[in-house]
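Read through the structure below, which is laid out as structure tokens, and then see the notes.
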Amino acid sequence: MGSPYNFMRLLLFFDLPMNTKTERRIYAKFRKMLISDGFIMLQFSVYVKIFPNRDALIQYTERLKRNLPAKGSIRIMAVTEKQYGNMQVLVGGKSLQESTLNNESMVIL
């Protein structure tokens, strides 16, 4: 399909407060937004999404910045598909969703 150096993965790490009912609602809304935007859960509070190139990733990052909760800690890290593929799983394994969704199953319109 394309070079594994062209595809990019955006890793998103977040910790949001969940002490009050309002904070739990904000957490749920943010998590649902990530899932509806195509992120998959890699681990609790760690989500990943694949992009066809760096430009698409940068464009999405700008959109994401406009939809962040006011409180908490949210970090992102972009890596190439090649770098992501070199990740080692030390304990446990890949989820079915993670094993199924990769750059081979990505459709570019």
Does Phe39 share a hydrophobic cluster with Phe44, counting links as ILVMFWY side-chain heavy atoms below 4.5 Å and allowing steps through other members?
yes
Considering only heavy atoms from C-beta outward, does the side chain of [X] approach that of [Y] to under 4.5 Å?
X	Y	result
Ile35	Tyr47	yes
Asn67	Phe30	no
Met8	Val79	no
Leu11	Val48	yes
Lys29	Ile26	no
Leu12	Leu64	yes

Separation between [atom1] of [X] and [atom2] of [Y], rounded to the nearest 0.5 Å:
X	Y	atom1	atom2	answer
Glu23	Met18	CD	CE	9.5 Å
Thr61	Phe51	OG1	CZ	6.5 Å
Gln83	Met77	CD	CE	8.5 Å
Asn53	Phe7	CG	CZ	9.0 Å
Leu10	Ile50	CG	CD1	11.5 Å

Going by salt bridge (Lys or Arg N to Asp or Glu O under 4.0 Å), name the residues that satisfy it together with Asp15, two or more places apart in sequence or in a different chain.
none
Return each pair, listed once, that meets salt bridge (Lys or Arg N to Asp or Glu O under 4.0 Å) where at least one residue sits in residues 53-65; pairs must be two or more places apart or across chains.
Asp37-Arg63, Glu62-Lys65
Which pair of non-hydrogen atoms, one from Leu16 and one from Gly72, has the smallest distance, and what is that distance?
CD2-CA, 4.0 Å
Evaluate the ring planes of Phe14 and Tyr27, with Trp represented by its six-membered ring, and classify them as parallel (under 30°), tilted (30 to 60°) or perpendicular (over 60°).
tilted
Kindly indicate, with the supporting measurements, whether the criterion side chain to side chain contact (heavy atoms under 4.5 Å, CB included) is fulfilled by Leu34 and Met41.
CA-CA 9 Å; Leu34 293 177; Met41 186 172 74; over 6 Å; no
